[in-house]
Asker: 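Sharing a structure, written as structure tokens. Questions coming.
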Amino acid sequence: MHIIAQVHPSFPDLPLDIARLILETTAVLDRGTALRLALVSKLVRAWIDPVLYHTVILSTRATARRFIFSIASRPSAALLVRSLSLWSGDGMGFAASWADTDLILSACTNVVRFSTVTCDTGRLQKYLGDNGTLQPRYMALHVGPLTPLEITVLPRSLTHLKLSYTRGKLLDWASIFERCAGLSHVMFDFRDYTLLYEGELEAFASHMLSVKPGALRQLVINFFLPPRDLMSVAEAAMAKVKDDRLVAISTTGALYGQGDAPVSPTGEWAYLKDGQYDAWDAAEWYAKHRSSHDDAIVYGFMNAI
């Protein structure tokens, strides 16, 4: 029986490449359908697995355990993961244990985009450091300002790095640019809106853009859940920095949790095969369309993500 006919008998016979395109597109549009398609045959599963494993989001201990069970029986599936978001650290019921984290990071060696919420970045160093098996180009680290962060945990492969503003302003950026020679895009999540009145944000942005001339192609300030009455203040602050490399966007929290909930990696990489945007895509979009917008900030652009 023809592959398509196995999925739906009303389909006529089609060339194999067309059948594959139809099934891959269907899998991208609906994960439930993708899981069912993977059971049709070994051939169809070989087409669908890269879609299923492309983006893996592990925001609870239960999801981490299920993923480990999946790759334990099929280790090659872990090599299909390109985008990995992981909440890790012992002592928290919602986070993967360090034992599970070790298993996951040891197996997923082809990750391009990596996001993590963690209370111990030192534990990640053996995977992300100079001799590490994980060398992502995009990375988002969600750590508090009091959590130790050695720059050696940053892979030399990095081109895009996202941190909180409170963490970023404490780091030695000259050393970071020396270590990560290809780092060209940096993003800061900004939440402390009292700093807008103190001139600190624009001073730091100017400093970042001048640390290593020619290094940064884009500096993004991501205003997280900004109060509407402060948007004009934020816009004025950004306008003081006369540099086209500075881009400001805002997120409404649609994927990040609300109120005082901890920031989750769940929505960090919305870069899926269905063309969804992530924060980097939003910044690139605005940079290209800046001339057609008067506002300094694309307010609420990310709400559609």
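The structure displayed is predicted, hence computed values, not measured ones.
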Asker: Is any side-chain heavy atom of Leu84 less than 4.5 Å from a side-chain heavy atom of Leu105?
Answerer: yes

Asker: Return the minimal non-hydrogen interatomic distance between Leu158 and Pro136, and the atom names on each side.
Answerer: CD2-O, 3.6 Å

Asker: Would you call Arg65 and Asp100 a salt bridge, using N to O less than 4.0 angstrom?
Answerer: yes

Asker: Might you point out which heavy atoms bring Ala96 and Ala64 nearest each other, and give the distance in Å?
Answerer: CB-CB, 3.8 Å

Asker: Is there a side-chain contact between Val81 and Phe67 (heavy atoms, below 4.5 Å)?
Answerer: yes

Asker: Is the closest side-chain heavy-atom distance between Gln135 and Thr109 below 4.5 Å?
Answerer: no

Asker: Between Ala107 and Leu79, what is the shortest heavy-atom contact and its length?
Answerer: O-CD2, 3.7 Å

Asker: For a 4.5 angstrom cut-off between non-hydrogen side-chain atoms, does Cys108 reach Ile104?
Answerer: yes

Asker: Taking atom types as modelled and ignoring hydrogens, do the side chains of Ser164 and Thr166 form a donor-acceptor contact shorter than 3.5 angstrom?
Answerer: yes

Asker: Is there side-chain contact between Val247 and Leu219, with heavy atoms separated by less than 4.5 Å?
Answerer: no

Asker: So, the side chain of Thr63 versus the backbone of Thr60: is there a donor-acceptor pair under 3.5 Å, distance only?
Answerer: yes

Asker: Nearest 0.5 Å, what's the CG-NE2 distance between Asp189 and His142?
Answerer: 6.5 Å

Asker: State whether Asp130 and Arg179 are salt-bridged, where the test is any N-O pair (Lys NZ or Arg NE/NH1/NH2 against Asp/Glu carboxylate O) under 4.0 Å.
Answerer: yes

Asker: Evaluate the side-chain contact (heavy atoms from CB on, under 4.5 Å) criterion for residues Thr116 and Leu141: first the C-alpha distance (whole Å), next the side-chain angles of each, then the deciding distance (0.1 Å), finally the verdict.
Answerer: CA-CA 5 Å; Thr116 184; Leu141 273 174; 3.4 Å; yes

Asker: Is it true that a side-chain atom of Lys242 and a backbone atom of Ala239 form a donor plus acceptor pair closer than 3.5 Å?
Answerer: yes

Asker: Quick check: do Thr152 and Gln125 have side-chain heavy atoms less than 4.5 Å from each other?
Answerer: yes

Asker: Measuring from atom OG of Ser76 to atom CD1 of Ile71, what distance do you get when rounded to the nearest 0.5 angstrom?
Answerer: 10.5 Å

Asker: Verify whether one side chain among Ser70 and Tyr53 offers a donor that lies under 3.5 Å from an acceptor in the other.
Answerer: yes

Asker: Could you go through Leu201 and Phe190, starting from their C-alpha distance and side-chain angles, then the distance that decides it, and tell me whether this counts as side-chain contact (heavy atoms from CB on, under 4.5 Å)?
Answerer: CA-CA 9 Å; Leu201 180 59; Phe190 187 84; 3.8 Å; yes

Asker: What orientation do His185 and His160 show, parallel under 30°, tilted 30 to 60°, or perpendicular over 60°?
Answerer: parallel

Asker: Any idea which heavy atoms bring Val241 and Ala205 closest together, and the distance?
Answerer: CG2-CB, 4.3 Å

Asker: Does Glu178 come within less than 4.0 Å of Lys212, counting only side-chain N to carboxylate O?
Answerer: no

Asker: Is there a donor-acceptor contact under 3.5 Å linking the side chains of Tyr127 and Asp102?
Answerer: yes

Asker: Closest approach of Thr121 and Val153, non-hydrogen atoms and distance?
Answerer: O-CG2, 3.4 Å

Asker: Just do the side-chain contact (heavy atoms from CB on, under 4.5 Å) check on Val211 and Phe177 with the steps written out, would you?
Answerer: CA-CA 9 Å; Val211 170; Phe177 284 123; 3.8 Å; yes

Asker: Within a strict 4.5 Å, meaning less than it, do heavy atoms of the Met139 and Ser115 side chains meet?
Answerer: no

Asker: Answer yes or no: is there a donor N or O on one side and an acceptor on the other, between the side chain of Trp173 and the main chain of Gly168, under 3.5 Å?
Answerer: yes

Asker: Counting distance only, does the side-chain N/O of Thr159 pair as donor-acceptor with the main-chain N or O of Arg137 below 3.5 Å?
Answerer: yes

Asker: Drop me the distance from Leu124's CG to Leu134's CG, to the nearest 0.5 angstrom.
Answerer: 9.0 Å

Asker: Inspect the surroundings of CZ in Arg74 and state if more than 12 heavy atoms from other residues, nucleotides or ligands are less than 6.0 Å away.
Answerer: yes

Asker: Measure the spacing between OG1 of Thr118 and CG of Leu86 and express it to the nearest 0.5 Å.
Answerer: 8.0 Å

Asker: Search all heavy atoms of Ser184 against all heavy atoms of Leu216 and return the closest pair with its distance.
Answerer: O-CD2, 3.4 Å

Asker: I'd like to check Arg245 versus Gln218 (side-chain heavy atoms, cut-off strictly below 4.5 Å). Are they in contact?
Answerer: no

Asker: Measure from the side-chain N and O atoms of Arg217 to the backbone N and O of Gly214, and report whether any donor-acceptor pair falls under 3.5 Å.
Answerer: no

Asker: With side-chain contact (heavy atoms from CB on, under 4.5 Å) as the test, would you mind laying out the steps for Met208 and Phe188 before giving the verdict?
Answerer: CA-CA 11 Å; Met208 281 292 300; Phe188 296 112; 4.0 Å; yes

Asker: Report the distance from atom CG of Leu161 to atom CD1 of Ile176, rounding to the nearest 0.5 Å.
Answerer: 7.0 Å

